[in-house]
Amino acid sequence: MERQHMSALALYQTLQPDQPPSAKKPALQVAAKKKKDNVPAAAKVAARKTNMKAEKTERKKMRKKQQVKSAQREKNHKAAAVPVVEKQQEEGIVNGDGESLTDLLTTLTKVNNSRERASKLFEWLINPVPAKSFFRETWEKKPIFVRRGNPDYYKGLFSTAEFDRILREDNVQYGVNLDVTSYTNGKRETHNPPGRALPFTVWDFYESGCSLRMLNPQAFSSTVWNVLSILQEHFGSMAGANVYLTPAGTQGFAPHYDDIEAFVVQLEGKKHWRVYNPRTEEEVLPVHSSPNFDQADIGKPILDVVVEAGDLIYFPRGFIHQGNCLPDAHSLHITISSYQKNSWGDLLQRIVPAALEIAMEEDVEFRQGLPLDYLTYMGVQNSDKDDPRRTKFLARIDNLMKKLKNYAPVDAAVDQKARDFLHDCLPPVLTPDELASSVQGVPMRWANGRVKNAGVHITTQTQVRVLRAGCSRLCSDGDSVHLYYTTDNSRVYHKEELKSFEIKPEHTDAIEFLIHSYPEFVTVGSLPCDSVQDRIALAELLFERGIIHTAVPV
């Protein structure tokens, strides 16, 4: 009898270990329960009364909190739902067309300023929504759906053909570069085998109804790398991406919300998307992504649309979403994301501890001891007391908190955030002109037993500028000054350590001059250094690190 082929999904499921039996309660818990049973009756009554009082107080607080949440939830629901309808003009949809990606990227190579280049690319991404009104009315506030009726609008960004090429040519690893997922009967599962994701197994999973998620397409696709490396300068925050390929009639992920601003770009096929409001005030612009939700947890969608090739959905972090394929078409989309851990709170997490450390060093008020008896009137158990000592204690805290801002090292904290961003950044994709005029395009080579075109000659008349507006940053740790830069970063997230080198104190003014002069070229002779030798030596160092390039090839 001929042996039937077993699908990759079926094989994966046969290899899964059985679920472990439910764990028994530890003996320590049993002993504790027995000990509690031996408590005298009078003590039990007293404890019960105390617990009842505490529970009553807690219930009051919870009721008040729920009322606030309910009111806020209703407010959020109205705020999010109404503008979508307004945007759609009866159906809430903005229509638009624009330049193809291939033509746009070619045009952008001729744009002299990298910040302007990033703005133009973002405008193309969300066209025809004006960028200014988007950031004023939509960003971090509500979803928007752009229906274009142009399936080729995002053509060239990514495709299933490229997905297949990457599987065949590159070392794609399950769990690192690729996830195999399914969502059936309310259950979300990941089916990643160990090791390399080879085409035979991957496409077998797909044929069995599994979705495929490529986690870092920029590591394999030059176009995605180029787009993200440009957009990151517009956001001032890491721009990342995932690619999702979903078979017809299936769903790969449970309803959930993310901790990033998401731009869902439909590349092929179509997908049914539903987007829901944050459930509570605490889930508006959340710090972390959510677990998977049941349908009963999320209410009614505020956006319920079929997204086709060339269309775009944006939704802020905290908005619950799910997408499923219709029976007649597969779906390929790429989600471009940004603004993860880039809030005021994230910055203050760096400022406040440092400010407190400085304040305790410099201000005796922060070092004075707490009142001897503060435990008798402060804390949860004393929170309902009407005690003047509590008022005085809280006033002292308020005064110290106000003084704390005077010790806040804001610039230093911003530089810490900037260093993290530079580490997250993709390296820039050089334009032909940048390649020819940077260290990567220097014509030195080995030929006929010797080095040809040796020696890069930089003089005081050589015109230079930094390679990108955001490719380098000067930061101080208090003892020394370092220049951090992105030009040697990897396309794989954090594969390389953050690149930097120490700058001599007498060269810091020259580095600042270069950074602030962008996008203009300046002569090496105009750098504010002590001598001609210093100017040329600094320019050669920055050129060799790929941080600056010249106006014409050297």
Side-chain angles (χ1 to χ4, degrees), residues 104-121 226 229-234 236 418 422 425-445 451-476 481-489 499-554:
L104 177 64
L105 291 177
T106 301
T107 301
L108 291 182
T109 62
K110 300 175 174 60
V111 175
N112 188 46
N113 187 329
S114 63
R115 291 194 183 98
E116 184 181 342
R117 195 179 301 158
S119 295
K120 288 183 179 296
L121 183 58
N226 195 2
S229 70
I230 295 172
L231 286 177
Q232 68 192 6
E233 197 160 343
H234 186 70
L422 291 181
C425 276
L426 287 164
V429 178
L430 302 187
T431 68
D433 288 344
E434 289 169 344
L435 181 62
S437 59
S438 68
V439 69
Q440 294 190 40
V442 170
M444 286 178 65
R445 62 190 178 93
V451 175
K452 293 285 185 84
N453 302 319
V456 174
H457 301 291
I458 291 179
T459 70
T460 56
Q461 299 306 309
T462 304
Q463 291 186 310
V464 296
R465 73 170 185 179
V466 291
L467 194 63
R468 291 283 192 281
C471 77
S472 59
R473 188 176 185 92
L474 203 61
C475 299
S476 171
V481 178
H482 283 76
L483 185 67
Y484 295 84
Y485 59 101
T486 67
T487 51
D488 284 343
N489 281 7
K499 307 298 182 183
S500 71
F501 56 93
E502 188 171 348
I503 297 295
K504 295 177 181 178
E506 60 268 27
H507 287 165
T508 56
D509 287 345
I511 299 290
E512 287 182 1
F513 176 70
L514 272 170
I515 291 172
H516 295 153
S517 296
Y518 185 88
E520 303 301 325
F521 285 90
V522 298
T523 63
V524 172
S526 68
L527 298 180
C529 296
D530 293 337
S531 66
V532 170
Q533 290 80 5
D534 275 353
R535 295 183 185 102
I536 292 175
L538 178 60
E540 288 177 342
L541 172 63
L542 297 175
F543 185 84
E544 289 169 8
R545 298 291 179 116
I547 297 169
I548 63 172
H549 69 120
T550 56
V552 294
V554 293

Output the distance between atom [atom1] ([X]) and atom [atom2] ([Y]), rounded to the nearest 0.5 Å.
X: Ile511; Y: Ile503; atom1: CD1; atom2: CD1; value: 4.5 Å
X: Leu121; Y: Leu105; atom1: CG; atom2: CG; value: 6.5 Å
X: Leu527; Y: Ile536; atom1: CG; atom2: CD1; value: 10.0 Å
X: Leu542; Y: Leu467; atom1: CG; atom2: CG; value: 11.5 Å
X: Ile548; Y: Leu541; atom1: CD1; atom2: CG; value: 9.0 Å
X: Leu514; Y: Leu538; atom1: CG; atom2: CG; value: 7.0 Å

Would you say [X]'s side chain and [Y]'s backbone share a donor-acceptor pair under 3.5 angstrom?
X: Glu233; Y: Gly470; answer: yes
X: Thr486; Y: Asn489; answer: no
X: Arg465; Y: Pro519; answer: yes
X: Ser531; Y: Asp534; answer: yes
X: Thr550; Y: Ser437; answer: yes
X: Ser114; Y: Ala469; answer: yes
X: Asn226; Y: Val429; answer: no
X: Glu116; Y: Val111; answer: no
X: Arg535; Y: Val524; answer: no

Exercise. Cationic tip of Arg545 within the cone over Tyr485's six-membered ring, i.e. under 6.0 Å and within 45° of the normal?
Worked result: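 No, a cation-pi geometry is absent between Arg545 and Tyr485.
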Exercise. Looking at side-chain heavy atoms only, is the closest gap between Glu506 and Cys529 below 4.5 Å?
Worked result: no
Problem set entry | Lys/Arg N to Asp/Glu carboxylate O, Arg468 vs Glu434, below 4.0 Å |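 Looking at Arg468 and Glu434, the cut-off is met.
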Problem set entry | Shortest non-hydrogen contact from Leu474 toward Glu512 |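 Reported closest heavy-atom pair: CD2-CG, 3.7 Å.
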For this session: Identify the residue among Phe521, Phe543, Tyr518 that makes a ring pair (Phe, Tyr, Trp, His ring centres under 6.0 Å) with His549.
Result: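 Answer after filtering Phe521, Phe543, Tyr518: Phe521.
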